[in-house]
Novice: 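The structure that follows is given in the form of structure tokens.
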Amino acid sequence: MFIQILWVVFFVSLAIQLFYLLILFGRFAFFYKKKSTVPIQEKEPVTVVIAAHNERTNLKKIIPLLFEQDYPNFEVMVINDRSYDGTKKVLEQLMAVYPRLRTVTVHYTPGHVTAKKYALTLGIKVAKNDVLLLTDADCTPKTDKWIELMTAPVRLEGKDFALGFSQYESQKGFLNKWIQLETIWTAIQYISFALWKSPFMGVGRNMSYRRSFFLDKKAFKGLWDIEGGDDDLFVNLHANSTNVAVVVDPASITYSIPKNTWEEYFTQKKRHFHAGKYYTTGNKQKVGWYAFSHFLFWVMGTVLLIFLAIDQKWEQILVILGIMFVRSILITSIFRSARKKLEGKIQVYWSLVFDVMYMGYFWILGSLGYLSKKVKWK
């Protein structure tokens with residue numbers, strides 16, 4: 001009876017996994033084709049918004065790159081959030097070179113709000129243009145078409161949100177490979193659900209929406225006291241089946257500087273998981289059902305292999321191993337195809353190792369982040 005229950009749970013979890021992998025994620029990975037936008041002569045002005053806390057070095061790099069964008073009418077708004085590393089002086093020097101660079105300085109953060117949301121709100125309120133494109137100080141656009149591509153759904157299609165992809169720079173070491181795969185996997189999830197008219201998050205390193213929409217929603221009302229979530233929670237709260245578009249084009253992505261140590265990375269992800277506890281129940285279930293069935297698939301499969309090996313039922317062992325092998329090929333194919341659409345690359349490292357490690361990562365680190373009472377931005 002016990003073995004029969006194991007078999008039932010194993011196949012039920014497999015069925016749920018196949019639904020996600022083939023129907024939900026597979027639709028994006030294998031069948032999605034990017035939209036071709038019709039160019040128009042006059043393009044609505046855009047404000048690129050960056051909240052920066054002690055980002056002097058990164059700002060010296062990113063500001064000149066931003067003003068190489070092939071877009072006729074845009075400004076860059078940098079919010080200097082309580083910096084003490086010489087950021088103010090660097091911004092003054094850059095403004096003398098780039099007239100379309102504007103700044104606002106945050107001297108303190110009120111006790112009842114979180115730092116980054118307060119900084120972004122001040123910057124967005126004084127932005128000159130209605131179309132906003134948000135990124136971080138350590139992010140670099142891949143091409144000079146970034147502004148045009150990322151804002152197109154907001155400018156031309158009337159969407160409230162345009163969700164893009166932001167990868168981390170490629171470096172040596174296992175940590176970097178893990179970060180890149182985990183970032184792709186996160187993108188596969190939020191892009192796939194958005195394509196199914198059920199969006200639940202986006203990333204603030206590459207996202208566009210209108211200033212008027214932001215102000216109409218009273219900025220981060222209901223989110224002020226939550227550290228993080230200026231991107232995913234804002235989308236989670238206001239996105240619906242009709243007001244979101246995804247931008248899937250290698251020319252539209254940004255690259256960020258990755259964490260160099262596991263401790264820094266875990267601190268970052270703990271903050272991300274902490275924000276996830278404030279998702280709506282339905283949106284938690286979107287990710288939760290995949291994670292739970294993924295956990296059951298590997299645990300039940302492993303337990304079955306142990307019992308079947310004891311009973312020397314080799315044919316049944318081969319069935320389970322065959323299922324695991326086919327699923328691993330499917331996971332690898334999804335990663336490769338999705339990465340080609342997102343980055344223009346197809347190389348994927350250690351997808352099977354990642355798939356097994358992700359189970360522990362999600363449940364252990366996710367639980368720590370979910371249960372934590374306080375996390376920091378910077």
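Note: hydrogens, waters and symmetry copies are ignored here, and every other heavy atom, side chains too, is used. Note that the structure is a prediction, hence the values are computed from the model and not measured.
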Novice: How about Asp130 and Ser212: does a side-chain donor come under 3.5 Å of a side-chain acceptor?
Specialist: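 There is such a pair (donor and acceptor under 3.5 Å, judged by atom type) between the side chains of Asp130 and Ser212.
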Novice: Out of curiosity, does Leu91 fall in the hydrophobic cluster containing Val97 (side-chain heavy atoms, cut-off under 4.5 Å, transitive links)?
Specialist: yes
Novice: Could you tell me the separation between the CG atom of Leu133 and the OH atom of Tyr209, rounded to the nearest 0.5 Å?
Specialist: 10.5 Å
Novice: Would you please say whether a donor-acceptor pair under 3.5 Å links the side chains of Gln180 and Arg339?
Specialist: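 Gln180 vs Arg339: donor-acceptor pair found between side chains.
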Novice: To the nearest 0.5 angstrom, please state how far the CG atom of Leu223 sits from the NE2 atom of His238.
Specialist: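 NE2 of His238 is found 6.5 Å from CG of Leu223.
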Novice: Hey, are Arg102 and Glu75 close enough for a salt bridge, meaning a charged N less than 4.0 Å from a carboxylate O?
Specialist: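 The answer is yes: the pair qualifies as a salt bridge.
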Novice: May I ask you to check whether Tyr71 and Trp146 place their ring centres under 6.0 Å from each other?
Specialist: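 No - the distance between ring centres of Trp146 and Tyr71 does not fall below the 6.0 Å cut-off.
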Novice: Carefully, step by step, assess Asp136 and Lys116 under the rule salt bridge (Lys or Arg N to Asp or Glu O under 4.0 Å).
Specialist: CA-CA 11 Å; Asp136 287 345; Lys116 190 174 183 182; 3.3 Å; yes
Novice: Under the salt bridge (Lys or Arg N to Asp or Glu O under 4.0 Å) criterion, do Asp249 and Lys145 qualify, and how do the steps go?
Specialist: CA-CA 10 Å; Asp249 189 322; Lys145 297 296 183 183; over 6 Å; no
Novice: If you count the non-hydrogen atoms of other residues, nucleotides and ligands that lie under 6.0 Å from CZ in Phe292, is the total more than 12?
Specialist: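 No - once you tally the heavy atoms of other residues, nucleotides and ligands closer than 6.0 Å, there are 12 at most.
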Novice: Below 6.0 angstrom between ring centroids: does that apply to Phe10 and Phe297?
Specialist: yes
Novice: Would you say Thr183 and Arg205 make side-chain contact, with heavy atoms under 4.5 Å?
Specialist: yes
Novice: Got more than 12 heavy atoms from elsewhere within 6.0 Å of CZ, Phe325?
Specialist: no
Novice: With a 3.5 Å cut-off and no angle check, do the side chains of Lys61 and Asn58 form a donor-acceptor pair?
Specialist: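 There is no such pair between these side chains.
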Novice: Which residue, Ile62, Ile63, Thr135, forms the side chain to side chain contact (heavy atoms under 4.5 Å, CB included) with Val76?
Specialist: Ile63
Novice: Do the non-hydrogen side-chain atoms of Gln171 and Ile179 ever get within less than 4.5 Å of each other?
Specialist: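 The answer is no; the side chains never approach within 4.5 Å.
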Novice: Answer yes if the side chains of Ser198 and Lys286 hold a donor-acceptor pair under 3.5 Å, and no otherwise.
Specialist: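 On atom types as modelled, these side chains qualify, holding a pair under 3.5 Å.
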Novice: Taking the six-membered ring for Trp and the full ring for Phe, Tyr or His, determine whether the centres of Trp185 and Phe25 are under 6.0 Å apart.
Specialist: yes
Novice: Counting distance only, does the side-chain N/O of Asn243 pair as donor-acceptor with the main-chain N or O of Asn240 below 3.5 Å?
Specialist: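 Indeed, once roles are kept as given, a pair shorter than 3.5 Å links the two residues.
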Novice: If you count the non-hydrogen atoms of other residues, nucleotides and ligands that lie under 6.0 Å from NZ in Lys142, is the total more than 12?
Specialist: yes
Novice: Decide yes or no for Gln316 and Trp7: does some side-chain heavy atom of the first lie under 4.5 Å from some side-chain heavy atom of the second?
Specialist: yes
Novice: Taking atom types as modelled and ignoring hydrogens, do the side chains of Tyr168 and Glu182 form a donor-acceptor contact shorter than 3.5 angstrom?
Specialist: no
Novice: Counting C-beta onward and ignoring hydrogens, is there a side-chain heavy-atom pair between Phe67 and Arg100 closer than 4.5 Å?
Specialist: yes
